[in-house]
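One structure is given below, encoded as structure tokens.
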Amino acid sequence: MSLAHPDAMRSTRPEPTRTAPPFRPDYTTPRMRRYLLFDATGFLYLLVGFVVLRAIWALSSGSEAWAALLRDFQNPLYVIFHALCFVSVIFVGVRFFRLFPKAQPPRVGPLKPPPGPVIFALLYTVWIGVTIVFAAILAGVWP
Amino acid sequence: MSETETKTFVVTRFDPDRHAEPTTQSYEVPVRSDWKVLDALNYIKDEIDPTLSHRWSCRMAVCGSCGMNVNGQPKLTCKDSLAQYGDSVRVEPLANFPVIRDLVVELEGFLEKFKQVKPWIIRAKEKAVTEGTYSQSPEELEAFRQFSMCINCMLCYAACPVVANEPDFLGPAAIAIGHRYNIDSRDEGAHERNQVFRGEGTVFSCSYANECSEVCPKHVDPAAAINQAKFMAVLDWAQSLVLPRGGEEK
Amino acid sequence: MAVKHLLLRLEPIIWLLFGQGILIGTILLTGWLLIVGLAVPLGWVNVEVLAYERAQTLGGNWIGRLLLFLLAALPLWKGAHHVRSLSLDYGGLKRDAVLAPLLYLVAAAGSVLALCAVLRLPEAA
């Protein structure tokens, strides 16, 4: 059995008897594994941020640098990386958007947020809408 | 008449006078199909091993005393039906808490975090009794009612990976109750509590595991409270940048 | 201790950046990854759609620069915060005093570089 931090939930007053160190929650359940995966997507987001940064830098450096970037993006390793990023972006989006409506406070001054299902629908509408528009522009389909 | 079958209970045992560290002990218990985990533990204590120590009280999931880890998950043992488990059931003390003995954990750490968030109505000036009561509409009550249903069973603390790794973290129940008072229309102490929320026990340590809400037997949804509290703590922080309250901000 | 107190003071800002990293970063990254990361390299879409002149036109106006900046910078903050969180999940409280500032500095540095990069972009024709 794994142990938690030795001071987890420890009181500041001296303990009248010796206590055993706290057990850690079970990290092997499907729910906890999904949570740890959610955290682990941080690595991919860090990397993809720097890849986009590289793309902007290449674009600002001239046509040869840009062409070299596009050639690099055809490398199978880059394709796999981007595919993994795409899957993790969907995973993160679905998980975060499920939490987002209940994270809105009941009132901010005189303003009340819309009901949870409305926020949920708005988030997905924006996500899908922006993706379609952005992809259409990048793909030369629109305007 | 419910049928009986025999299940094996693997129970954590720890006596600080006799054990260097916790061990386990197995008990064969003839259980009835309608039994809860607590019924089996009480059977063990009454009929097999009177030295087993565990907390329980109301037997109807309102007191919060009987929280334990059953097959790795925090449960109220008076509510947790045995029918869902196979032939072997593992019962351990609540995770994340120091273990006093067997299935009994030290609660004082939780009470200290609880007190930090000042779980009472704070008023700049109390109304005199002669001035009458505080009025609150059904809508105002509904805004915080869910978060007031906490029975302090601490299953949320046992489930939380942040509590496991960051001892200063206030934790789900404490933040939920603090938030409950922050959004209570009668309360005027939100700024005081938000300073606690942004202090050592910072609400921002919460990493969206949502385990607290998954295990809560009273559907308090502490994860909702924590994330609402983050939002409101940021608003409070931003407000204090623009309108500093004399000498209070660090 | 000083590092911990500094992080506590910066926490509202870090949380806001992390939150937008998830929200806006996720919303924008989906389309980018679909086309630039997958469709063009795999030949589902003609590579000419990302020809230099066209890419320059798209990226060289103020909307393009803003979107590119957000696409690069926001994921860095989400990434940094979650890598830190993962480290803490696995008992990393002691190393947090070093790891957290390092991760956030990386995100900050990346954000500054992203700003410089978008400002370097030539004006759209």
Side-chain angles (χ1 to χ4, degrees), chain A residues 1-42 45 91-113 115-116 119-120, chain B residues 12 14 16-17 19 21-22 69 71-74 92-101 105-113 142-144 154 157-161 163-169 171 179 182-183 207-211 213-214 221 223-232 235:
Chain A
M1 185 62 168
S2 300
L3 293 180
H5 190 287
D7 292 333
M9 297 309 292
R10 187 172 293 280
S11 149
T12 55
R13 66 148 198 215
E15 289 172 344
T17 59
R18 180 174 63 90
T19 55
F23 297 136
R24 198 184 69 180
D26 187 356
Y27 275 16
T28 64
T29 63
R31 247 182 12 227
M32 277 299 276
R33 283 191 173 146
R34 279 195 295 273
Y35 158 66
L36 293 167
L37 197 60
F38 182 61
D39 274 356
T41 59
Y45 270 70
F91 170 66
V92 165
V94 167
R95 189 181 165 94
F96 186 71
F97 287 3
R98 200 181 326 132
L99 173 69
F100 194 86
K102 74 177 184 180
Q104 308 313 304
R107 183 179 290 276
V108 177
L111 301 171
K112 257 181 79 163
I119 297 178
F120 192 74
Chain B
T12 300
F14 173 69
D17 293 331
H19 301 131
E21 56 184 34
N69 267 39
N71 281 9
Q73 287 297 295
E92 294 158 319
L94 280 180
N96 293 337
F97 286 87
V99 182
I100 295 175
R101 174 167 169 155
V105 296
E106 173 62 70
L107 303 178
E108 194 61 30
F110 164 71
L111 295 172
E112 288 173 358
K113 291 179 193 294
E142 202 50 37
F144 70 83
M154 284 159 287
Y157 281 80
C160 178
V163 169
N165 294 295
E166 297 177 57
D168 288 336
F169 180 49
H179 181 63
N182 276 353
I183 58 177
S207 54
Y208 301 90
N210 202 49
E211 285 292 295
S213 294
E214 294 282 354
D221 201 353
I226 296 169
N227 288 288
Q228 291 178 24
K230 287 179 191 172
F231 193 105
M232 294 178 73
L235 288 179

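Scope of the values below: all heavy atoms of this structure, side chains included, with no hydrogens, waters or symmetry mates. Chain identifiers are assigned alphabetically (A, B, ...) following the order of the sequence lines, protein sequences preceding nucleic acid strands; residue numbering begins at 1 within each chain.
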Got [X] and [Y] here, is their nearest side-chain heavy-atom distance under 4.5 Å?
X: Pro106(A); Y: Gln228(B); value: yes
X: Thr19(A); Y: Val99(B); value: no
X: Tyr208(B); Y: Leu99(A); value: yes

[X] versus chain A, heavy atoms under 4.5 Å apart: side chain, backbone, both or neither?
X: Ala209(B); answer: both
X: Asp221(B); answer: side chain
X: Tyr157(B); answer: side chain

Look at the side chain of [X] and the backbone N and O of [Y], then say whether any donor-acceptor pair between them is shorter than 3.5 Å.
X: Glu112(B); Y: Thr12(A); answer: yes
X: Glu21(B); Y: Ala20(A); answer: no
X: Arg13(A); Y: Glu108(B); answer: no

Side-chain donor-acceptor pairs of residues 31-38 of chain A under 3.5 Å, sequence neighbours excluded:
{"unit_1": "Arg31(A)", "atom_1": "NE", "unit_2": "Glu211(B)", "atom_2": "OE2", "d": "2.8"}
{"unit_1": "Arg31(A)", "atom_1": "NH2", "unit_2": "Gln73(B)", "atom_2": "OE1", "d": "3.3"}
{"unit_1": "Arg31(A)", "atom_1": "NH2", "unit_2": "Glu211(B)", "atom_2": "OE1", "d": "3.0"}
{"unit_1": "Tyr35(A)", "atom_1": "OH", "unit_2": "Asp39(A)", "atom_2": "OD2", "d": "3.2"}
{"unit_1": "Tyr35(A)", "atom_1": "OH", "unit_2": "Ser207(B)", "atom_2": "OG", "d": "2.5"}
{"unit_1": "Tyr35(A)", "atom_1": "OH", "unit_2": "Asp89(C)", "atom_2": "OD1", "d": "2.9"}
{"unit_1": "Tyr35(A)", "atom_1": "OH", "unit_2": "Asp89(C)", "atom_2": "OD2", "d": "3.1"}

In this structure, are over 12 heavy atoms from other groups packed under 6.0 Å from Phe231(B) atom CZ?
->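 Atom CZ in Phe231(B) is not packed in, count stays at 12 or less.
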
Of the backbone (N, CA, C, O) and the side chain (C-beta and beyond), which part of Phe100(A) lies under 4.5 Å from a heavy atom of chain B, both, or neither?
->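 The answer is neither part of Phe100(A).
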
Which residue, Lys113(B), Glu106(B), Met154(B), forms the side chain to side chain contact (heavy atoms under 4.5 Å, CB included) with Met9(A)?
->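 Option passing the side chain to side chain contact (heavy atoms under 4.5 Å, CB included) with Met9(A): Lys113(B).
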
Of all residues at least two apart in sequence or in a different chain, which pass the ring-ring contact (aromatic ring centres under 6.0 Å, His included) check with Phe97(A)?
->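 With neighbours one apart ignored, the set is Tyr124(A), Trp127(A).
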
